[in-house]
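Structure record follows, encoded as structure tokens.
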Amino acid sequence: MIAPKLVDRLHACQKLVVFTGAGMSAESGIPTFRDRFEGLWANYDPEDVATPRAFRANPQFVWDWHVQLAETVRKSQPNAGHRAVARMQDRIPQVTVITQNIDNLHQDAGSKDVIELHGNLLRIKPFEDPENRPDEIDNLVICHVCDGYADYEKCDPYAAKEDFHSIELRAGDVPRCPGCSALIRPDVVWFEEPLDLETQERAFRIADRCDVLICIGSSLEVMPAANIPIRARWGGAAIIEVNPEPTSLTFYADAFIQGKAAVELPKLLKLVWA
Ligand code: NAD
């Protein structure tokens with residue numbers, strides 16, 4: 001599966017990064033983004049639905065599409081791969097999961113340090129329209145309920161934060177912030193949006209300094225997330241890739257484990273630490 005030298009490297013590893021993409025959750029029943037012609041993605045290209053542009057044009061449609069995805073995510077459970085990743089915490093002093101997934105399954109499996117590069121579908125936030133930037137709004141304040149940009153003339157001083165926190169991504173009309181009436185959206189990073197800067201910098205910093213990075217189930221086509229394994233490589237880390245298909249990383253990897261996450265990760269755990 002992997003060379004004895006790499007097994008030694010994992011035994012000696014002090015700082016592990018596990019970098020994951022949609023393939024990590026495929027066996028939990030959440031279709032990968034590239035499975036374009038199946039299930040969830042069959043009728044719509046996510047690049048047309050998951051954008052601020054699409055939400056501005058038709059918030060209800062975009063909300064409903066995410067509700068459908070959230071229903072799938074709520075029904076799913078961590079698979080043996082997520083559990084194997086969580087168990088690596090018992091063997092290595094510092095394990096950080098850097099995930100592109102928005103499904104919360106690493107946390108559900110017990111991973112403690114999870115950096116969510118693309119947000120989390122089970123959280124919501126106000127829609128801050130990039131076409132309606134703060135410096136273009138008169139009377140700008142930060143809403144005391146949703147912490148989004150707001151017009152103070154529209155803010156209800158009696159609305160409470162709890163009213164906002166009780167809102168969920170569920171079927172029905174697109175909700176509005178009880179304080180400033182901003183439309184509510186899922187707390188995920190859509191296409192055409194930048195990553196949260198602090199989150200990105202923390203992920204880069206940790207990847208730059210890790211000893212080993214295991215890349216699981218990512219096509220490495222979404223930037224800037226796809227830079228993370230390469231940054232780890234530049235920093236001198238050993239790279240192990242787990243994927244049924246080769247990717248642009250495979251050539252640079254110290255080991256390519258060809259197969260499914262839920263099958264190969266428990267095997268890797270057993271081989272190295274049994
Ligand atoms: P991707 O869909 O582009 O690629 C999936 C990769 O997983 C492919 O390389 C594929 O060969 C591999 N794969 C398929 N089945 C696998 C398995 N059983 N085990 C291991 N690997 C498997 O995924 P991406 O690179 O993560 O980019 C997709 C984007 O869409 C991300 O930004 C992500 O946020 C989002 N997304 C998230 C989820 C989720 O949260 N579960 C699901 C779909 C898409």
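Both ligands and their constituent atoms are indexed starting at 1 by order of listing.
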Give a yes/no verdict on whether any heavy atom in [X] is under 4.0 Å from an atom of ligand 1.
X: Ile216; result: no
X: Pro31; result: yes
X: Glu27; result: yes

So if I count the atoms of ligand 1 from 1 in the order they appear, which ones are less than 4.0 Å from some heavy atom of [X]?
X: Asp103; answer: 39 (C), 40 (O), 41 (N)
X: Glu245; answer: 11 (O)
X: Ala261; answer: 17 (C), 19 (N), 20 (C)
X: Gly21; answer: 26 (O)
X: Ser25; answer: 41 (N)

For this session: For the pair Lys125 and Asp147, find out whether any cationic side-chain nitrogen is under 4.0 Å from an anionic carboxylate oxygen.
Result: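 No, this pair does not count.
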Problem set entry | Note, Thr99 side chain near Leu117 side chain (heavy atom, < 4.5 Å) |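 No, every pair of side-chain atoms sits at 4.5 Å or beyond.
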Exercise. Do we see a donor-acceptor contact under 3.5 Å between the side chains of Gln100 and Ser218?
Worked result: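 Indeed, the side chains of Gln100 and Ser218 share at least one donor-acceptor pair under 3.5 Å.
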Problem set entry | Under 3.5 Å side-chain donor-acceptor pair for Glu116 and Gln107 |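 Yes, a side-chain donor-acceptor pair sits under 3.5 Å.
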Exercise. By side chain to side chain contact (heavy atoms under 4.5 Å, CB included), which residues pair with Arg209, not counting sequence neighbours?
Worked result: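 For Arg209, the residues satisfying side chain to side chain contact (heavy atoms under 4.5 Å, CB included) (neighbours in sequence not counted) are Arg205.
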Exercise. Looking only at non-hydrogen atoms, which of Gly29, Ala26, Pro244, Ala262 approaches atom 22 (C) of ligand 1 most closely?
Worked result: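 The nearest heavy atom belongs to Pro244.
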For this session: Take atom OH of Tyr252 as the centre, draw a 6.0 Å sphere, and report whether it contains more than 12 heavy atoms from other residues, nucleotides or ligands.
Result: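 Count not over threshold, so no.
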For this session: Would you check the N or O atoms of Lys260, main chain and side chain alike, for any that come under 3.5 Å of an N or O of ligand 1?
Result: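 No: no nitrogen or oxygen of Lys260 is under 3.5 Å from one in ligand 1.
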For this session: Give the contacting part of Ile102 toward ligand 1: side chain, backbone, both or neither, where contact means a heavy-atom distance below 4.0 Å.
Result: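 For Ile102, the contact with ligand 1 is made by both the backbone and the side chain.
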Problem set entry | His118 contact mode with ligand 1 (heavy-atom cut-off under 4.0 Å) |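 The answer is the side chain of His118.
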Acceptor/donor pairs from residues 6-15 side chains to any protein atom, 3.5 angstrom cut, sequence neighbours excluded:
unit_1 : atom_1 : unit_2 : atom_2 : d
Arg9   : NH2    : Gly236 : O      : 2.9
His11  : NE2    : Val272 : O      : 2.6

Exercise. Thr247 and Ser219: side chain to side chain donor-acceptor pair (under 3.5 Å), yes or no, with the steps?
Worked result: CA-CA 6 Å; Thr247 69; Ser219 64; over 6 Å; no
